[in-house]
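Start at 1 with the first residue, then count along the sequence.
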Amino acid sequence: MASRLVTISTALIVAGMILLPVTAVLWRGGGFGSLGPADWAALRFTLTQAAVSALFSVVLAIPVARALARRRFWGRDALIALMGAPFILPVIVAILGLLAVFGGRGLINQALAPLGVPRLDIYGFHGVILAHVFFNLPLAVRLLLQGWLAIPAERFRLAASLNAPVWRVLEWPMLKQLVPGAFAVIFVICLGSFAVALTLGGGPRSTTLELAIYQAFRFDFDLGKAATLAIVQLCLGLVAGGIALRFAAKDGMGAGLDRRVARWDGHSIAARLGDVMWIVLAASFLLVPLLAVAVAGAPGLGDMPSLVWSAAGRSLILALGAMLLTLALALPLLSRAGEAAALLGISVSGLVLGTGAFLLLQPIIRPADVALPVTMIVNALMALPFVLRILRPGLDSARQDFGHLGAALGLTGWHLWRVVYLPRLRRPLGFAAGLTAALSMGDLGVIMLFADGESSTLPLQIYRLMGSYQMEAARGAAVLLLGLSLGLFWLFDKGGRSGAEA
């Protein structure tokens, strides 16, 4: 009974933290008549860039996922694991990496200059698309690769015995099931584009809704207009999220005997060369920008201004605080009802929540004074659905295996959790803690609405260094941010795995 009360109380707290800012946004909205041509242009650009980004990400992921499914080579597992790295990569670091490769003084322009080829310009619509593909191509590859690996070996054996083309009878039906869902998920992610449009948009014609919300705050201080734009963003997120959920549940390709798949269809020289080409291109696209940031930024680590180090300290406090808050909220919500409460925020962007929080707090307190706590809470709410998805399967299994034994021994409440459940959740807890800390460490969103010069985080400080053309210091700070983000993820994930093995 006590645990149920804790679950209900926590669910109400989470729902309140989501619904109160949303209500403030709805209340303050000035009506769609207050939106001008530039605002509707931002809506069109938001939809267009999200659709094009999702299309390119999914289309390019198909040959890469197929190549990874057909080939076995040294380092394959590490490369597939790398496909998850952009999910925890700080956006501002990735943007600096893309600038180092595709920017005006980037590697590609330096290589093309002697040939007299016109310089590439990364800013604008194509720059936004490039950055989104960089972040979402790995996600699309992982989603589609799972579809290929889920096709039973017996299906391939049957196709071989009938001399049937694998693409037509097996791969195309699988892709028809998975591609719409992958497209919808990436489309939803790209709708919330803020940091990418902020740094690579290149002007008013490449403004997204979230960037328009920020501009209404920072440059016009038109809170009514910002609230109205946030309502439009909220509606987009809800509709797109519903569509993504609609395409998420698809039937599989049937069960098999878990035999190793024999892919005779990839033995030709053309197939091998094609697969190698796609794997090398994908790996280069992901790795070269990160290596470029590391190489260019390492010399600047010793020359960074003191503001960078204080901002790094605030980012660490933010990351650890968001991680602890997320776990504190997640553990009582590890049930179907609790997860439903957390899913309230799955289609609400962090900037919409930040807008609502600003509207609530601005009349009673100076927003900069609560920049870190508000950013911490919003990051926790954004991470909560993912953390619950990570933890629930392990808890359900532990309850099924040991719940009755614990009850027979008289273990209840905290004692049951300490003795039975938590030891079996150490591995997913470590992964969830590392994921939340890394994502919060690199966040460049809500903090932009609240922070002043004394409360900036490391990603915000890097953006300011870029804006003042201190690129060497910015690259050095990016290396620091990358190391801290990956270090936090490794530290907590390793701690969870070590505890589980012990």
Closest heavy-atom pair and its distance - Ala312, Leu480: CB-CD2, 4.1 Å
Take Thr207 and Phe45 through the side-chain contact (heavy atoms from CB on, under 4.5 Å) test and state the conclusion after the steps. CA-CA 7 Å; Thr207 298; Phe45 180 80; 5.7 Å; no
So His132 and Ser57, do their side chains get closer than 4.5 Å, heavy atoms only? no
Closest non-hydrogen atom pair, Val293 against Ala478: CG1-CB, 4.1 Å
Side chain to side chain donor-acceptor pair (under 3.5 Å) against Thr46, all qualifying residues, sequence neighbours excluded: none
Quick one: do Leu130 and Phe285 satisfy side-chain contact (heavy atoms from CB on, under 4.5 Å)? Show the steps, please. CA-CA 10 Å; Leu130 177 68; Phe285 183 55; 3.8 Å; yes
Could you pull out all residues at least two apart from Pro21 that satisfy side-chain contact (heavy atoms from CB on, under 4.5 Å)? Leu353
How long is the span from the CG atom in Leu325 to the OG1 atom in Thr436, to the nearest 0.5 Å? 10.0 Å
Who are the salt bridge (charged side-chain N to carboxylate O under 4.0 Å, His left out) partners of Arg105, not counting sequence neighbours? none
Is any side-chain heavy atom of Met17 closer than 4.5 Å to one of Ile377? yes
Check: Ser456 main-chain N/O paired with Gln461 side-chain donor or acceptor under 3.5 Å: no
Test log, rule side-chain contact (heavy atoms from CB on, under 4.5 Å), inputs Met466 and Leu96: CA-CA 9 Å; Met466 292 171 63; Leu96 279 170; 3.9 Å; yes
Short question: side chain of Ser310, backbone of Leu307 - any donor-acceptor pair under 3.5 Å? yes
Is there side-chain contact between Met448 and Phe194, with at least one heavy-atom pair below 4.5 Å? yes
Can you name the residues that form a side chain to side chain donor-acceptor pair (under 3.5 Å) with Ser468, not counting sequence neighbours? Gln470
So do the side chains of Leu12 and Ser9 get within less than 4.5 Å of each other, counting heavy atoms only? no
Would you name the heavy atoms of Asn379 and Ala322 that are closest together and state the gap between them? CB-CB, 4.2 Å
Closest approach of Ala11 and Leu333, non-hydrogen atoms and distance? N-CD2, 3.6 Å
Run the side-chain contact (heavy atoms from CB on, under 4.5 Å) test against Ala330 and tell me which residues pass, sequence neighbours left out. Leu384, Val387, Leu388, Leu391
Separation between CG of Leu359 and CG of Leu20, rounded to the nearest 0.5 Å: 12.5 Å
Roughly how far, to the nearest 0.5 Å, is OG1 of Thr228 from CD1 of Ile231? 5.5 Å
Side-chain heavy atoms of Ser485 within contact of Pro90, under 4.5 Å: yes
Going by side-chain contact (heavy atoms from CB on, under 4.5 Å), name the residues that satisfy it together with Ala100, two or more places apart in sequence or in a different chain. Ala292
Restricting to non-hydrogen atoms, name the atom on Gln362 and the atom on Pro367 that form the minimum distance, rounded to 0.1 Å. CG-CG, 4.2 Å
Tell me if the aromatic rings of Phe492 and Phe431 count as close, with their centers under 6.0 Å from one another. no
Least distance between heavy atoms, Phe187 atom then Ala54 atom: N-CB, 3.8 Å
Is Leu43 close to Leu236 at the side-chain level, that is, under 4.5 Å between some pair of heavy atoms? yes
Could you walk me through whether Leu143 and Leu178 pass the side-chain contact (heavy atoms from CB on, under 4.5 Å) check? CA-CA 8 Å; Leu143 292 173; Leu178 294 184; over 6 Å; no
To the nearest 0.5 Å, how far apart are CD1 in Ile189 and CG in Leu139? 5.0 Å
Test item: Leu99 and Tyr123 side chains (from C-beta on) under 4.5 Å apart, heavy atoms: yes
Rounded to the nearest 0.5 Å, how far does OH of Tyr463 lie from CG of Leu198? 3.5 Å
So CG of Asp443 and CE of Met376: to nearest 0.5 Å the spacing works out to 12.0 Å
With side-chain contact (heavy atoms from CB on, under 4.5 Å) as the test, pick out the partner of Thr375 among Val446, Thr457, Leu449. Val446
Side chain of Ser315, backbone of Leu458: donor and acceptor closer than 3.5 Å? yes
Do other residues, nucleotides or ligands put more than 12 heavy atoms under 6.0 Å from the CZ atom of Phe56? no
Is the shortest heavy-atom distance from the side chain of Leu89 to the side chain of Phe134 under 4.5 Å? yes
